[in-house]
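Right, one structure below, let's go through it.
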Amino acid sequence: MPELPEVETIVRRLARRLPGRTVIRADVRRPNVVRGSPRKLERALEGATIASVSRRGKFLVFRLEDGRVWWSHLRMTGQWRVERPRRGSARRAGRARAARDAPADPYARAVFDLDDGSRLTYVDVRTLGEMEVLTARGWARREAAMGVEPLSPAFTPDLLDDLLDHSGRQVKEFLLDQAKIAGIGNIYASEALWRARISPRRRARNVGPVRAMALHAAIVGVLQDAIRKAGTTLGETSQDYVDSDGVPGGFAEFLAVYDREGEPCRRCGTPIRRIVQGQRSTYYCPTCQR
DNA sequence: GGTCCGACCTGGCAGC
DNA sequence: TGCTGCCAGGTCGGAC
């Protein structure tokens with residue numbers, strides 16, 4: 001499930017290829033992956049040139065040269081794939097065109113042909129992901145509702161302490177609130193709390209400044225470590241995360257608690273416990289997280 | 001305003 | 001072998 005490190009990995013790949021490219025044909029195959037009218041999105045993108053690719057929280061942000069913003073949220077199983085342009089003989093080019101026009105990936109929900117012959121495909125098994133084209137002002141309004149970017153200088157231990165102090169929720173659920181901190185999901189919330197030795201059930205306002213400082217370092221550390229390993233891929237099914245080249249992430253083997261129920265804590269050996277908070281699994285060590 | 005919870009979505013998998 | 005039902009979880013909207 002793509003969280004900040006996975007989206008950042010995809011953005012870095014796409015940012016090498018897409019800026020300067022113009023969409024010559026847009027084809028939305030499943031309407032529910034578009035917020036609003038699919039035909040309107042197709043019309044909005046055909047002829048548009050991508051200026052840059054970036055990330056805000058878990059959102060992919062394609063800035064267009066005319067100032068508009070094309071955002072995409074991958075939710076659980078969304079993926080972006082890029083097929084490079086094929087070079088070679090006319091016959092090979094013909095075969096390549098035929099291959100592109102054939103119904104390829106059964107989970108390709110939207111397809112964008114670019115001016116260099118490459119193809120950008122949005123793949124989503126469960127079709128929970130969404131995309132939309134907004135004006136610069138519309139995107140600014142949406143962005144304003146998001147919380148602090150955890151890898152930005154604005155995210156400080158003092159800010160985290162202040163945010164925690166004003167919440168009565170359990171700290172694990174607090175970390176998942178995108179209006180507070182944008183980008184942390186279920187995996188990295190559990191991992192950061194383990195690194196900071198904080199129980200996921202502790203009330204946010206009871207974390208205190210000392211633990212808040214440890215949690216700040218843990219959040220930044222685990223996100224940076226996961227980005228260095230290109231994100232977390234838990235399995236090998238069509239629903240598991242891969243980057244835009246189809247390559248899985250390598251952070252799963254470094255997970256301390258997530259998806260390790262019953263296995264020994266890497267610090268104290270106590271079996272990792274799984275509980276449900278806010279309808280989601282939380283993994284933690286009952287001995288060294290307090 | 002803050003918090004909680006159901007709905008959305010479909011492949012994978014356990015149990016029968 | 002085939003069927004059934006549960007599980008995964010990010011976000012939104014409605015209820016409290």
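The sequence lines fix the lettering, A, B, ..., with proteins before strands; numbering per chain opens at 1.
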Counting only side-chain nitrogens and oxygens, does A:S281 get under 4.0 Å of the OP1 or OP2 atom of C:dC7?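 So the side-chain polar atoms of A:S281 never come under 4.0 Å of the phosphate oxygens OP1 or OP2 of C:dC7.
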
Check the phosphate of C:dT11 against A:H73, side-chain N and O only, distance under 4.0 Å to OP1 or OP2. Yes or no? yes

Considering every strand and a 4.0 Å limit on heavy-atom distances, what is the contact class for A:R274: base, sugar-phosphate, or nothing?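 The residue A:R274 makes sugar-phosphate contact but no base contact.
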
Qualifying residue for ring pair (Phe, Tyr, Trp, His ring centres under 6.0 Å) with A:F62, from A:W139, A:F112, A:W70: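 Exactly one option meets the ring pair (Phe, Tyr, Trp, His ring centres under 6.0 Å) with A:F62, and it is A:W70.
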
Say whether A:F251 and A:I10 are linked into one hydrophobic cluster, either directly or through other cluster members, by side-chain heavy-atom distances under 4.5 angstrom. no

Applying side chain to side chain contact (heavy atoms under 4.5 Å, CB included), can you list everything that pairs with [X], at least two apart in sequence or on another chain?
{"X": "A:Q79", "value": "A:R81, A:V123, A:V242"}
{"X": "A:T127", "value": "A:R30, A:N32, A:V33, A:R109"}
{"X": "A:E132", "value": "A:R35, A:W71, A:L134"}

Pairs in or reaching into residues 192-238 of chain A: which pass ring pair (Phe, Tyr, Trp, His ring centres under 6.0 Å), with residues at least two apart or in two chains?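 For residues 192-238 of chain A, and leaving out neighbouring residues, the ring pair (Phe, Tyr, Trp, His ring centres under 6.0 Å) pairs sorted by first residue read A:F155-A:H216.
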
Tell me, please, which residues at least two apart from A:Y284 pass ring-ring contact (aromatic ring centres under 6.0 Å, His included). none

The criterion is ring-ring contact (aromatic ring centres under 6.0 Å, His included); which residues satisfy it with A:Y258, sequence neighbours excluded?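 Residues passing ring-ring contact (aromatic ring centres under 6.0 Å, His included) with A:Y258: A:Y283.
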
Walk me through whether A:W80 and A:S72 qualify under side chain to side chain donor-acceptor pair (under 3.5 Å). CA-CA 10 Å; A:W80 280 102; A:S72 159; 2.9 Å; yes

Hey, is the main chain of A:G57 close enough, under 3.5 Å, to the side chain of A:Q178 for a donor-acceptor pair?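 Judged by distance alone, no pair lies under 3.5 Å.
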
Can any side-chain N or O of A:Q239 pair as donor or acceptor with the backbone N or O of A:R126 at less than 3.5 Å?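 No; judged by distance alone, with no hydrogens or angles, the pair does not exist.
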
Could you state the atom-to-atom distance from [atom1] of [X] to [atom2] of [N] in whole Å?
{"X": "A:N186", "N": "C:dC7", "atom1": "CG", "atom2": "P", "answer": "15 Å"}
{"X": "A:D240", "N": "C:dC7", "atom1": "CG", "atom2": "C1'", "answer": "14 Å"}
{"X": "A:L74", "N": "C:dT11", "atom1": "CG", "atom2": "P", "answer": "10 Å"}
{"X": "A:Y241", "N": "C:dG9", "atom1": "OH", "atom2": "C1'", "answer": "17 Å"}
{"X": "A:Q277", "N": "C:dG9", "atom1": "CD", "atom2": "C1'", "answer": "14 Å"}

Report each atom pair, protein N/O against N/O of nucleotides 5-12 of chain B, whose distance is under 3.5 angstrom.
{"residue": "B:dG6", "atom": "OP2", "partner": "A:Q279", "partner atom": "NE2", "Å": "3.1"}
{"residue": "B:dG6", "atom": "N7", "partner": "A:Q279", "partner atom": "OE1", "Å": "3.1"}
{"residue": "B:dG6", "atom": "N7", "partner": "A:Q279", "partner atom": "NE2", "Å": "3.3"}
{"residue": "B:dC9", "atom": "O3'", "partner": "A:T127", "partner atom": "OG1", "Å": "3.2"}
{"residue": "B:dT10", "atom": "OP1", "partner": "A:R30", "partner atom": "NH2", "Å": "2.6"}
{"residue": "B:dG11", "atom": "O4'", "partner": "A:Q239", "partner atom": "NE2", "Å": "2.5"}

Qualifying salt bridge (Lys or Arg N to Asp or Glu O under 4.0 Å) pairs with a residue from residues 52-67 of chain A, counting only residues at least two apart or across chains: A:E8-A:R55, A:R55-A:E149, A:R56-A:E143, A:R56-A:E149, A:D66-A:R68

Do any pairs count as a salt bridge (Lys or Arg N to Asp or Glu O under 4.0 Å) and have a residue in residues 248-265 of chain A, sequence neighbours left out, and if so which ones? A:R260-A:E263

State, to the nearest 10°, the angle formed by the axis through the first five base pairs of the helix from B:dG2-C:dC16 to B:dC16-C:dG2 and the axis through its last five. 50°

Strictly below 4.0 Å, heavy-atom distances to any atom of DNA chain C: list the hits from residues 156-183 of chain A, or just say none. A:Q178

N/O contacts under 3.5 Å, protein versus nucleotides 14-16 of chain C?
none

